2 protein chains.
Amino acid sequence: MIAKDIPDIVVSRLPRYLQTLEHMQKDGIRTTSSQELGDLIGISAAQIRKDLSQFGEFGKQGKGYSVDFLVDQLRQILNVNRSWDIVLVGAGNLGHAIANYQGFGNHGFSIVMIFDSDPALIGQKIGNLTVQDAAQMVDLVRASGIKVGMITVPAQAAQAVADELVKAGIQAILNYAPINLTVPEGVHVQHVDPIIYLQRMTYYLA
Amino acid sequence: MIAKDIPDIVVSRLPRYLQTLEHMQKDGIRTTSSQELGDLIGISAAQIRKDLSQFGEFGKQGKGYSVDFLVDQLRQILNVNRSWDIVLVGAGNLGHAIANYQGFGNHGFSIVMIFDSDPALIGQKIGNLTVQDAAQMVDLVRASGIKVGMITVPAQAAQAVADELVKAGIQAILNYAPINLTVPEGVHVQHVDPIIYLQRMTYYLA
DNA sequence: GCAATTTCGTGATAATTTGCACAACACTTC
DNA sequence: GAAGTGTTGTGCAAATTATCACGAAATTGC
(Lines give C-alpha, C1' and ligand atoms only; values in the text may rest on other atoms or scores of the structure.)
Protein backbone atom coordinates (compact mmCIF):
# COMPACT_ATOMS: atom_id res chain seq x y z
CA MET A 1 0.00 0.00 0.00
CA ILE A 2 1.76 3.16 1.21
CA ALA A 3 5.13 3.56 2.87
CA LYS A 4 5.09 1.71 6.18
CA ASP A 5 7.16 4.04 8.28
CA ILE A 6 4.09 5.86 9.52
CA PRO A 7 4.24 6.31 13.30
CA ASP A 8 1.78 4.27 15.33
CA ILE A 9 0.52 7.37 17.00
CA VAL A 10 -0.57 8.80 13.67
CA VAL A 11 -2.35 5.60 12.70
CA SER A 12 -4.09 5.53 16.05
CA ARG A 13 -5.74 8.87 15.31
CA LEU A 14 -7.11 7.93 11.91
CA PRO A 15 -10.10 5.91 13.14
CA ARG A 16 -11.26 8.91 15.11
CA TYR A 17 -11.02 11.08 12.01
CA LEU A 18 -12.97 8.49 10.07
CA GLN A 19 -15.64 8.23 12.74
CA THR A 20 -16.13 11.97 12.86
CA LEU A 21 -16.21 12.29 9.07
CA GLU A 22 -18.81 9.53 8.88
CA HIS A 23 -20.98 11.49 11.26
CA MET A 24 -20.57 14.54 9.05
CA GLN A 25 -21.49 12.46 6.05
CA LYS A 26 -24.66 11.34 7.78
CA ASP A 27 -25.45 14.95 8.57
CA GLY A 28 -25.17 15.83 4.89
CA ILE A 29 -21.97 17.85 5.19
CA ARG A 30 -20.11 17.63 1.88
CA THR A 31 -16.97 19.58 2.64
CA THR A 32 -14.90 20.29 5.72
CA SER A 33 -11.60 21.81 6.74
CA SER A 34 -8.80 20.69 8.99
CA GLN A 35 -9.92 23.47 11.31
CA GLU A 36 -13.51 22.27 11.55
CA LEU A 37 -12.53 18.65 11.95
CA GLY A 38 -9.98 19.55 14.59
CA ASP A 39 -12.50 21.56 16.56
CA LEU A 40 -14.88 18.62 16.58
CA ILE A 41 -12.26 16.15 17.69
CA GLY A 42 -10.39 18.47 19.96
CA ILE A 43 -6.99 18.50 18.29
CA SER A 44 -5.14 21.08 16.24
CA ALA A 45 -5.80 21.68 12.56
CA ALA A 46 -2.08 21.43 11.82
CA GLN A 47 -1.95 17.99 13.31
CA ILE A 48 -4.76 16.74 11.14
CA ARG A 49 -3.16 18.15 8.01
CA LYS A 50 0.18 16.63 8.88
CA ASP A 51 -1.32 13.25 9.70
CA LEU A 52 -3.25 13.10 6.46
CA SER A 53 -0.30 14.33 4.44
CA GLN A 54 1.54 11.16 5.42
CA PHE A 55 -0.76 9.26 3.11
CA GLY A 56 -1.35 11.65 0.25
CA GLU A 57 -2.78 15.01 -0.71
CA PHE A 58 -6.47 14.75 -0.04
CA GLY A 59 -7.44 18.39 0.27
CA LYS A 60 -7.67 21.47 -1.90
CA GLN A 61 -6.25 24.81 -0.90
CA GLY A 62 -8.88 27.38 -0.16
CA LYS A 63 -11.56 24.69 -0.25
CA GLY A 64 -10.77 22.06 2.32
CA TYR A 65 -11.56 18.35 2.11
CA SER A 66 -14.40 16.54 0.41
CA VAL A 67 -15.99 14.52 3.20
CA ASP A 68 -16.99 11.66 0.91
CA PHE A 69 -13.57 11.45 -0.66
CA LEU A 70 -11.73 11.59 2.65
CA VAL A 71 -13.96 8.93 4.16
CA ASP A 72 -13.20 6.73 1.20
CA GLN A 73 -9.47 7.31 1.44
CA LEU A 74 -9.36 6.69 5.19
CA ARG A 75 -11.30 3.46 4.74
CA GLN A 76 -8.74 2.32 2.21
CA ILE A 77 -5.85 3.29 4.45
CA LEU A 78 -7.34 1.52 7.45
CA ASN A 79 -8.33 -1.52 5.38
CA VAL A 80 -11.96 -1.19 6.36
CA ASN A 81 -13.34 -0.82 2.84
CA ARG A 82 -14.07 -4.53 3.09
CA SER A 83 -15.60 -6.75 5.75
CA TRP A 84 -13.73 -8.60 8.46
CA ASP A 85 -14.80 -11.86 10.02
CA ILE A 86 -14.15 -12.18 13.73
CA VAL A 87 -13.87 -15.07 16.15
CA LEU A 88 -15.06 -14.49 19.69
CA VAL A 89 -13.68 -16.62 22.51
CA GLY A 90 -15.62 -16.59 25.76
CA ALA A 91 -19.40 -16.91 25.82
CA GLY A 92 -20.03 -15.68 29.36
CA ASN A 93 -21.91 -12.51 30.22
CA LEU A 94 -19.49 -10.21 28.45
CA GLY A 95 -19.19 -12.48 25.44
CA HIS A 96 -22.96 -12.61 25.16
CA ALA A 97 -23.26 -8.85 25.34
CA ILE A 98 -20.61 -8.36 22.67
CA ALA A 99 -22.04 -11.02 20.40
CA ASN A 100 -25.40 -9.30 20.61
CA TYR A 101 -23.97 -5.82 20.08
CA GLN A 102 -25.17 -4.43 16.77
CA GLY A 103 -22.47 -1.81 16.38
CA PHE A 104 -19.88 -4.03 14.71
CA GLY A 105 -21.93 -4.94 11.67
CA ASN A 106 -22.38 -1.33 10.66
CA HIS A 107 -18.63 -1.00 10.33
CA GLY A 108 -17.83 -4.16 8.44
CA PHE A 109 -16.96 -6.32 11.42
CA SER A 110 -18.86 -9.55 11.74
CA ILE A 111 -18.59 -12.13 14.49
CA VAL A 112 -18.83 -15.47 12.71
CA MET A 113 -17.65 -17.96 15.35
CA ILE A 114 -18.00 -18.17 19.11
CA PHE A 115 -16.08 -20.59 21.33
CA ASP A 116 -16.11 -21.52 24.96
CA SER A 117 -14.72 -24.41 26.98
CA ASP A 118 -17.62 -24.60 29.42
CA PRO A 119 -19.86 -27.60 28.56
CA ALA A 120 -22.82 -25.66 29.93
CA LEU A 121 -22.33 -23.02 27.24
CA ILE A 122 -21.29 -25.15 24.28
CA GLY A 123 -24.24 -25.65 21.97
CA GLN A 124 -26.04 -22.57 23.22
CA LYS A 125 -27.41 -20.21 20.58
CA ILE A 126 -26.38 -16.56 20.58
CA GLY A 127 -28.20 -14.73 17.83
CA ASN A 128 -27.79 -17.02 14.84
CA LEU A 129 -24.50 -18.48 16.04
CA THR A 130 -23.89 -21.56 18.15
CA VAL A 131 -21.22 -21.65 20.83
CA GLN A 132 -18.64 -24.20 19.79
CA ASP A 133 -16.16 -26.25 21.81
CA ALA A 134 -12.92 -24.38 22.39
CA ALA A 135 -11.03 -27.63 21.91
CA GLN A 136 -11.75 -27.38 18.20
CA MET A 137 -10.93 -23.71 17.94
CA VAL A 138 -7.45 -23.84 16.47
CA ASP A 139 -8.44 -26.15 13.64
CA LEU A 140 -11.68 -24.38 12.80
CA VAL A 141 -10.24 -20.89 12.93
CA ARG A 142 -7.21 -21.80 10.89
CA ALA A 143 -9.41 -23.42 8.27
CA SER A 144 -11.65 -20.36 8.15
CA GLY A 145 -8.82 -17.95 7.47
CA ILE A 146 -10.14 -15.50 10.07
CA LYS A 147 -7.56 -12.91 11.08
CA VAL A 148 -9.26 -11.03 13.92
CA GLY A 149 -10.20 -12.36 17.34
CA MET A 150 -11.79 -11.11 20.54
CA ILE A 151 -11.07 -12.49 23.98
CA THR A 152 -13.80 -12.34 26.62
CA VAL A 153 -12.65 -15.07 28.96
CA PRO A 154 -11.53 -14.60 32.60
CA ALA A 155 -8.08 -13.12 33.13
CA GLN A 156 -6.46 -16.38 34.17
CA ALA A 157 -7.44 -18.06 30.90
CA ALA A 158 -6.71 -15.15 28.57
CA GLN A 159 -3.03 -15.77 27.82
CA ALA A 160 -3.68 -19.41 26.92
CA VAL A 161 -6.50 -18.37 24.62
CA ALA A 162 -4.27 -15.74 23.02
CA ASP A 163 -1.60 -18.38 22.41
CA GLU A 164 -4.16 -20.60 20.71
CA LEU A 165 -5.49 -17.79 18.59
CA VAL A 166 -1.98 -17.02 17.42
CA LYS A 167 -1.50 -20.70 16.63
CA ALA A 168 -4.70 -20.52 14.59
CA GLY A 169 -3.31 -17.69 12.48
CA ILE A 170 -5.02 -14.75 14.17
CA GLN A 171 -3.15 -11.48 13.64
CA ALA A 172 -5.24 -8.99 15.61
CA ILE A 173 -6.73 -9.47 19.06
CA LEU A 174 -9.18 -7.27 20.87
CA ASN A 175 -8.65 -8.23 24.50
CA TYR A 176 -11.40 -7.64 27.05
CA ALA A 177 -9.67 -9.64 29.78
CA PRO A 178 -8.07 -7.46 32.48
CA ILE A 179 -4.57 -8.75 31.91
CA ASN A 180 -1.67 -7.95 29.67
CA LEU A 181 -1.19 -10.37 26.79
CA THR A 182 2.16 -11.39 25.38
CA VAL A 183 2.10 -12.18 21.68
CA PRO A 184 4.71 -12.72 18.96
CA GLU A 185 5.95 -9.91 16.79
CA GLY A 186 3.49 -9.17 14.02
CA VAL A 187 0.40 -9.92 16.09
CA HIS A 188 -1.51 -6.86 17.21
CA VAL A 189 -3.34 -6.49 20.50
CA GLN A 190 -5.65 -3.80 21.73
CA HIS A 191 -6.77 -3.86 25.32
CA VAL A 192 -10.25 -2.75 26.34
CA ASP A 193 -10.39 -2.28 30.09
CA PRO A 194 -12.89 0.10 31.65
CA ILE A 195 -11.17 -0.08 35.04
CA ILE A 196 -8.02 1.34 33.54
CA TYR A 197 -9.91 4.17 31.87
CA LEU A 198 -11.66 5.00 35.13
CA GLN A 199 -8.38 5.05 37.03
CA ARG A 200 -6.90 7.39 34.45
CA MET A 201 -9.58 9.86 35.41
CA THR A 202 -9.77 9.41 39.17
CA TYR A 203 -6.16 10.54 39.32
CA TYR A 204 -7.39 14.03 38.45
CA LEU A 205 -10.34 14.06 40.83
CA ALA A 206 -9.99 15.80 44.14
CA MET B 1 -1.94 15.88 46.85
CA ILE B 2 0.60 15.62 44.07
CA ALA B 3 1.32 19.24 43.37
CA LYS B 4 3.60 18.60 40.41
CA ASP B 5 2.79 18.85 36.77
CA ILE B 6 2.95 15.24 35.72
CA PRO B 7 2.46 14.58 32.00
CA ASP B 8 -0.79 12.88 31.04
CA ILE B 9 1.08 10.16 29.26
CA VAL B 10 2.81 9.16 32.47
CA VAL B 11 -0.45 9.08 34.41
CA SER B 12 -2.04 6.99 31.68
CA ARG B 13 0.52 4.24 32.26
CA LEU B 14 0.06 4.01 36.02
CA PRO B 15 -3.17 1.97 35.97
CA ARG B 16 -1.44 -0.66 33.91
CA TYR B 17 1.40 -0.83 36.42
CA LEU B 18 -1.11 -1.15 39.21
CA GLN B 19 -3.04 -3.88 37.44
CA THR B 20 0.09 -5.91 36.81
CA LEU B 21 1.33 -5.44 40.36
CA GLU B 22 -2.04 -6.57 41.71
CA HIS B 23 -1.72 -9.75 39.70
CA MET B 24 1.74 -10.30 41.16
CA GLN B 25 0.34 -9.72 44.61
CA LYS B 26 -2.30 -12.38 44.00
CA ASP B 27 0.43 -14.75 42.84
CA GLY B 28 2.28 -14.22 46.11
CA ILE B 29 5.18 -12.28 44.63
CA ARG B 30 6.55 -9.96 47.32
CA THR B 31 9.25 -8.10 45.44
CA THR B 32 9.83 -7.08 41.85
CA SER B 33 12.14 -4.96 39.74
CA SER B 34 11.55 -2.40 37.03
CA GLN B 35 13.02 -4.95 34.65
CA GLU B 36 10.56 -7.69 35.58
CA LEU B 37 7.59 -5.36 35.57
CA GLY B 38 8.64 -3.92 32.25
CA ASP B 39 8.99 -7.35 30.67
CA LEU B 40 5.49 -8.24 31.80
CA ILE B 41 3.95 -5.05 30.47
CA GLY B 42 6.12 -4.76 27.43
CA ILE B 43 7.83 -1.45 28.12
CA SER B 44 11.36 -0.53 29.15
CA ALA B 45 12.62 -0.73 32.71
CA ALA B 46 13.96 2.81 32.46
CA GLN B 47 10.54 4.13 31.61
CA ILE B 48 8.97 2.52 34.64
CA ARG B 49 11.66 3.86 36.93
CA LYS B 50 11.33 7.33 35.47
CA ASP B 51 7.54 7.28 35.68
CA LEU B 52 7.56 6.19 39.30
CA SER B 53 10.28 8.66 40.23
CA GLN B 54 7.87 11.47 39.34
CA PHE B 55 5.94 10.60 42.47
CA GLY B 56 8.61 9.57 44.92
CA GLU B 57 11.33 7.05 45.64
CA PHE B 58 9.54 3.75 46.03
CA GLY B 59 12.34 1.29 45.38
CA LYS B 60 15.58 0.16 46.98
CA GLN B 61 18.83 -0.12 45.08
CA GLY B 62 19.90 -3.68 44.60
CA LYS B 63 16.56 -4.91 45.89
CA GLY B 64 13.82 -3.55 43.68
CA TYR B 65 10.30 -2.68 44.73
CA SER B 66 8.07 -4.15 47.41
CA VAL B 67 4.94 -5.20 45.51
CA ASP B 68 2.62 -4.49 48.43
CA PHE B 69 4.12 -1.09 49.05
CA LEU B 70 4.06 -0.07 45.41
CA VAL B 71 0.45 -1.20 45.01
CA ASP B 72 -0.44 0.92 48.00
CA GLN B 73 1.41 3.95 46.68
CA LEU B 74 -0.10 3.66 43.21
CA ARG B 75 -3.58 3.38 44.70
CA GLN B 76 -2.98 6.56 46.62
CA ILE B 77 -1.65 8.35 43.57
CA LEU B 78 -4.56 7.26 41.41
CA ASN B 79 -7.09 8.02 44.14
CA VAL B 80 -8.39 4.48 44.12
CA ASN B 81 -7.65 3.70 47.77
CA ARG B 82 -11.29 4.57 48.34
CA SER B 83 -14.55 3.67 46.61
CA TRP B 84 -16.20 5.66 43.85
CA ASP B 85 -19.91 5.82 43.20
CA ILE B 86 -20.93 5.88 39.56
CA VAL B 87 -24.04 6.94 37.68
CA LEU B 88 -24.90 5.01 34.53
CA VAL B 89 -27.01 6.65 31.85
CA GLY B 90 -28.57 4.34 29.28
CA ALA B 91 -30.27 1.10 30.28
CA GLY B 92 -30.32 -0.60 26.87
CA ASN B 93 -28.42 -3.76 26.03
CA LEU B 94 -25.02 -2.26 26.67
CA GLY B 95 -26.14 -0.50 29.84
CA HIS B 96 -27.57 -3.76 31.13
CA ALA B 97 -24.37 -5.63 30.39
CA ILE B 98 -22.27 -3.04 32.15
CA ALA B 99 -24.57 -2.79 35.14
CA ASN B 100 -24.33 -6.55 35.55
CA TYR B 101 -20.58 -6.65 35.08
CA GLN B 102 -18.92 -7.72 38.30
CA GLY B 103 -15.48 -6.35 37.50
CA PHE B 104 -16.05 -2.83 38.77
CA GLY B 105 -16.82 -3.74 42.34
CA ASN B 106 -13.50 -5.49 42.82
CA HIS B 107 -11.73 -2.23 42.08
CA GLY B 108 -13.75 0.13 44.19
CA PHE B 109 -16.16 1.33 41.50
CA SER B 110 -19.82 0.92 42.26
CA ILE B 111 -22.74 1.77 40.01
CA VAL B 112 -25.34 3.28 42.32
CA MET B 113 -27.81 4.92 39.93
CA ILE B 114 -29.11 4.04 36.48
CA PHE B 115 -31.13 6.38 34.29
CA ASP B 116 -32.94 6.12 30.99
CA SER B 117 -35.52 8.23 29.19
CA ASP B 118 -37.40 5.28 27.70
CA PRO B 119 -40.66 4.69 29.63
CA ALA B 120 -40.40 1.01 28.76
CA LEU B 121 -37.16 0.80 30.73
CA ILE B 122 -37.90 3.14 33.64
CA GLY B 123 -38.83 1.13 36.70
CA GLN B 124 -37.08 -2.00 35.49
CA LYS B 125 -34.80 -3.74 37.94
CA ILE B 126 -31.16 -4.36 37.05
CA GLY B 127 -29.48 -6.27 39.84
CA ASN B 128 -30.58 -4.42 42.95
CA LEU B 129 -30.99 -1.08 41.19
CA THR B 130 -34.06 0.38 39.55
CA VAL B 131 -33.85 2.33 36.30
CA GLN B 132 -34.88 5.89 37.04
CA ASP B 133 -36.34 8.60 34.83
CA ALA B 134 -33.63 10.61 33.08
CA ALA B 135 -35.71 13.74 33.59
CA GLN B 136 -34.76 13.63 37.27
CA MET B 137 -31.14 12.87 36.66
CA VAL B 138 -29.57 16.29 37.16
CA ASP B 139 -31.24 16.86 40.52
CA LEU B 140 -30.66 13.37 41.86
CA VAL B 141 -27.05 13.17 40.77
CA ARG B 142 -26.20 16.60 42.07
CA ALA B 143 -27.78 15.77 45.40
CA SER B 144 -25.83 12.52 45.59
CA GLY B 145 -22.45 14.14 45.07
CA ILE B 146 -21.45 11.49 42.53
CA LYS B 147 -18.46 12.53 40.46
CA VAL B 148 -18.14 9.74 37.88
CA GLY B 149 -20.58 8.86 35.11
CA MET B 150 -20.88 6.35 32.29
CA ILE B 151 -22.77 6.99 29.07
CA THR B 152 -24.32 4.03 27.28
CA VAL B 153 -26.95 5.80 25.20
CA PRO B 154 -27.06 5.96 21.38
CA ALA B 155 -24.61 8.32 19.69
CA GLN B 156 -27.18 10.96 18.84
CA ALA B 157 -28.19 11.35 22.49
CA ALA B 158 -24.73 11.18 24.01
CA GLN B 159 -23.72 14.84 23.86
CA ALA B 160 -26.97 15.96 25.48
CA VAL B 161 -26.48 13.41 28.25
CA ALA B 162 -22.91 14.57 28.73
CA ASP B 163 -24.10 18.16 29.06
CA GLU B 164 -26.58 17.12 31.72
CA LEU B 165 -24.01 15.11 33.60
CA VAL B 166 -21.73 18.11 33.65
CA LYS B 167 -24.61 20.22 34.90
CA ALA B 168 -25.10 17.66 37.66
CA GLY B 169 -21.52 18.07 38.80
CA ILE B 170 -19.96 15.01 37.17
CA GLN B 171 -16.22 15.40 36.61
CA ALA B 172 -15.29 12.16 34.88
CA ILE B 173 -17.18 10.44 32.09
CA LEU B 174 -16.59 7.01 30.63
CA ASN B 175 -18.20 7.26 27.21
CA TYR B 176 -19.36 4.12 25.42
CA ALA B 177 -21.21 6.03 22.70
CA PRO B 178 -19.39 6.07 19.36
CA ILE B 179 -19.11 9.83 19.17
CA ASN B 180 -16.73 12.46 20.41
CA LEU B 181 -17.96 14.41 23.44
CA THR B 182 -17.26 18.06 24.05
CA VAL B 183 -17.02 18.99 27.71
CA PRO B 184 -15.82 22.00 29.68
CA GLU B 185 -12.29 22.29 30.95
CA GLY B 186 -11.82 20.28 34.11
CA VAL B 187 -14.16 17.49 33.09
CA HIS B 188 -12.43 14.30 32.02
CA VAL B 189 -13.66 11.96 29.32
CA GLN B 190 -12.42 8.55 28.30
CA HIS B 191 -13.83 6.96 25.20
CA VAL B 192 -14.39 3.22 24.97
CA ASP B 193 -15.02 2.27 21.37
CA PRO B 194 -14.23 -1.23 20.13
CA ILE B 195 -14.64 -0.20 16.49
CA ILE B 196 -11.82 2.27 16.84
CA TYR B 197 -9.56 -0.33 18.43
CA LEU B 198 -10.32 -2.78 15.65
CA GLN B 199 -9.56 -0.22 12.99
CA ARG B 200 -6.26 0.58 14.64
CA MET B 201 -5.30 -3.03 14.01
CA THR B 202 -6.77 -3.66 10.56
CA TYR B 203 -4.46 -0.94 9.27
CA TYR B 204 -1.58 -3.34 9.81
CA LEU B 205 -3.28 -6.40 8.33
CA ALA B 206 -2.51 -7.36 4.77
C1' DG C 1 -10.16 40.26 -13.91
C1' DC C 2 -8.01 41.20 -9.77
C1' DA C 3 -7.62 41.77 -4.86
C1' DA C 4 -8.87 39.58 -0.69
C1' DT C 5 -9.67 35.44 1.63
C1' DT C 6 -9.40 30.70 2.64
C1' DT C 7 -7.00 26.60 3.47
C1' DC C 8 -3.77 23.16 2.18
C1' DG C 9 0.91 20.86 2.46
C1' DT C 10 5.31 21.21 4.46
C1' DG C 11 10.01 22.65 6.00
C1' DA C 12 11.75 24.47 10.12
C1' DT C 13 11.40 24.83 14.95
C1' DA C 14 9.87 23.81 19.50
C1' DA C 15 8.30 20.69 22.91
C1' DT C 16 7.79 16.36 24.70
C1' DT C 17 9.00 11.75 25.52
C1' DT C 18 12.12 8.00 25.68
C1' DG C 19 16.47 5.75 26.30
C1' DC C 20 21.25 5.59 27.94
C1' DA C 21 24.60 5.15 31.24
C1' DC C 22 26.43 5.65 35.60
C1' DA C 23 26.98 6.90 40.62
C1' DA C 24 25.03 5.34 44.75
C1' DC C 25 23.44 2.06 47.52
C1' DA C 26 22.06 -2.73 49.24
C1' DC C 27 22.47 -7.36 49.46
C1' DT C 28 25.26 -11.85 48.89
C1' DT C 29 29.18 -14.65 49.01
C1' DC C 30 33.36 -16.10 50.46
C1' DG D 1 34.75 -7.28 55.66
C1' DA D 2 35.85 -6.88 50.91
C1' DA D 3 34.66 -8.02 46.34
C1' DG D 4 31.01 -8.94 43.28
C1' DT D 5 26.31 -8.47 41.73
C1' DG D 6 21.93 -6.34 41.21
C1' DT D 7 18.95 -2.42 40.93
C1' DT D 8 17.46 2.22 41.78
C1' DG D 9 17.09 7.24 40.61
C1' DT D 10 18.57 10.67 37.46
C1' DG D 11 21.27 14.01 34.41
C1' DC D 12 21.96 14.16 29.73
C1' DA D 13 21.42 12.89 24.91
C1' DA D 14 18.59 11.06 21.35
C1' DA D 15 14.40 10.31 19.24
C1' DT D 16 9.89 11.28 18.55
C1' DT D 17 5.95 14.22 18.23
C1' DA D 18 3.56 18.61 17.87
C1' DT D 19 3.36 23.38 16.49
C1' DC D 20 4.41 27.31 13.79
C1' DA D 21 4.30 29.92 9.89
C1' DC D 22 4.52 30.57 5.11
C1' DG D 23 4.30 29.75 -0.06
C1' DA D 24 0.99 28.00 -3.21
C1' DA D 25 -3.31 27.07 -4.94
C1' DA D 26 -8.28 27.59 -5.05
C1' DT D 27 -12.35 30.37 -4.27
C1' DT D 28 -15.05 34.56 -3.47
C1' DG D 29 -16.52 39.22 -3.98
C1' DC D 30 -16.57 43.29 -6.32
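Letters go in sequence order (proteins before strands), and every chain restarts at 1. These numbers were taken from a predicted model, which means no experiment stands behind them.
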(message) Can you identify which nucleotide, out of dC8(C), dT18(C), dG9(D), has its nearest atom closest to the Arg49(A) side chain?
(response) dC8(C)
(message) Does a side-chain N or O of Tyr65(A) approach OP1 or OP2 of dT6(C) to a distance below 4.0 Å, or not?
(response) no
(message) Which is more 5' along DNA chain D, the nucleotide nearest Lys63(A) or the one nearest Asp51(A)? Just name the residue.
(response) Asp51(A)
(message) Can you confirm whether the side chains of Gln102(B) and Asn93(A) place a donor and an acceptor under 3.5 Å from each other?
(response) no
(request) Return the nearest nucleotide to the side chain of Lys50(B); candidates are dC12(D), dT8(D), dT7(C). (result) dC12(D)
(request) Could you check whether Leu52(B) gets within reach of a base, just the sugar-phosphate, or nothing at all, counting any heavy atom under 4.0 Å? (result) nothing
(request) Could you check how far CG of Asp5(A) sits from P of dT16(D), rounded to whole Å? (result) 11 Å
(request) Among the candidates dC27(C), dT10(C), dA26(D), find the nucleotide nearest to the side-chain atoms of Ser53(A). (result) dT10(C)
(message) If you assign Lys60(B) and Ala46(B) each to the DNA chain C nucleotide with the nearest heavy atom, which residue ends up on the more 5' nucleotide?
(response) Ala46(B)
(message) For a quick test of reading the model, state the closest non-hydrogen atom pair linking His23(A) to Ala155(B) and the distance between them.
(response) NE2-CB, 4.2 Å
(request) Return the value, rounded to whole Å, for the distance between atom CD of Glu36(B) and atom P of dG6(D). (result) 14 Å
(request) Rounded to the nearest angstrom, tell me the gap between atom CZ in Phe55(B) and atom P in dT8(D). (result) 17 Å
(request) Measure from CD on Glu57(A) to C1' on dG9(C) and round the result to the nearest Å. (result) 6 Å
(message) Among Thr32(B), Thr20(B), Asp68(B), which residue satisfies the side-chain hydrogen bond (donor to acceptor under 3.5 Å, both in side chains) criterion with Gln25(B)?
(response) Asp68(B)
(request) Could you check which of dA24(C), dT10(C), dA25(D) has an atom nearest any side-chain atom of Gln61(B)? (result) dA24(C)
(request) With the side chain of Ser34(A) defined as its heavy atoms from C-beta on, choose the nearest nucleotide among dC8(C), dT10(D), dT8(D). (result) dC8(C)
(message) We want to know whether Gln47(B) and Asp51(B) form a side-chain donor-acceptor pair, criterion being a heavy-atom distance below 3.5 angstrom.
(response) no
(message) Output the rounded distance in Å from CD (Gln47(A)) to P (dT10(C)).
(response) 16 Å
(request) Using whole Å, report how far CD1 of Ile6(B) lies from P of dT17(C). (result) 12 Å
(request) Identify which one of Leu78(A), Ile41(A), Val71(A), Leu70(A) satisfies the side-chain contact (heavy atoms from CB on, under 4.5 Å) criterion when paired with Tyr17(A). (result) Ile41(A)
(message) Looking at Arg13(B), I'd like to know whether one of its side-chain N or O atoms comes within less than 4.0 Å of OP1 or OP2 on dT18(C).
(response) yes
